[in-house]
Amino acid sequence: MRVEEYIATRVKELCVKHKVTKYRLSLLTGMSQTALGNIMNMKSMPTVLTLEKICDAFGITLAQFFAGEGKRPDLTQEQKEIIETWDMLGAEERRILLQFVRSLKKE
């Protein structure tokens, strides 16, 4: 698979997974729908800065973007389990868990 195909496919996968429309993604990234459409239709190749904006919108790193779904580069098994559990939580559950984790930090 060519890199243009991979990027287009990956952006579409992330939109489906996160239930984000092209319009919503344009709001989250500050990019035009046309620019996003060109990336998704393999008419243009995004810069690293553009890919970072897209990754930020989905709450992932560039490494995670290129590693693909379900792959978490450079993480231990326990870290992967925590992230997989996080991914299954709703917004309120995430807020509570994050608050709990922060309370465990020793200052």
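Keep in mind the model is a prediction, meaning the values are calculated, not measured.
- Sorted by first and then second residue, the pairs that involve residues 42-63 and meet ring pair (Phe, Tyr, Trp, His ring centres under 6.0 Å), not counting sequence neighbours, are His18-Phe58.
- When the side chain to side chain donor-acceptor pair (under 3.5 Å) test is applied to Thr47, the partners found at least two apart in sequence or on another chain are Thr50.
- The shortest heavy-atom contact between Ser26 and Met31 is CB-O, 2.9 Å.
- Among all heavy-atom pairs drawn from Cys55 and Thr61, the shortest one is SG-O, 3.8 Å.
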Sequence neighbours excluded and cut-off under 3.5 Å, please list the side-chain donor-acceptor pairs for residues 36-45, or say none.
residue: Asn38; atom: ND2; partner: Thr34; partner atom: O; Å: 3.4
residue: Asn41; atom: ND2; partner: Gly37; partner atom: O; Å: 3.0

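- Cluster annotation: Leu25 and Val16 are assigned to distinct hydrophobic clusters (Ile/Leu/Val/Met/Phe/Trp/Tyr, side-chain heavy-atom contacts under 4.5 Å, transitive).
- In this structure, Tyr6 and Phe65 approach most closely via the heavy-atom pair OH-O, 2.9 Å.
- Side-chain contact between Asp87 and Arg94 is present, with heavy atoms from C-beta onward closer than 4.5 Å.
- A continuous path of ILVMFWY side-chain contacts below 4.5 Å connects Val48 to Ile60, so both sit in one hydrophobic cluster.
- Both Leu89 and Leu98 are assigned to one and the same hydrophobic cluster, defined by single-linkage of ILVMFWY side chains at heavy-atom distances under 4.5 Å.
- In this structure, CD1 in Ile96 is found 4.5 Å from CD in Glu92, a value given to the nearest 0.5 Å.
- No side-chain donor-acceptor contact under 3.5 Å links Arg10 to the backbone of Phe66.
- Looking at every heavy atom in both residues, Gly90 comes nearest to Glu93 through N-OE1, 2.7 Å.
- Under the 4.5 Å side-chain contact rule for hydrophobic residues, Ile83 and Leu97 do not share a cluster.
- Hydrophobic clustering places Val3 together with Ile54 (ILVMFWY residues linked when any side-chain heavy atoms are closer than 4.5 Å, directly or through intermediates).
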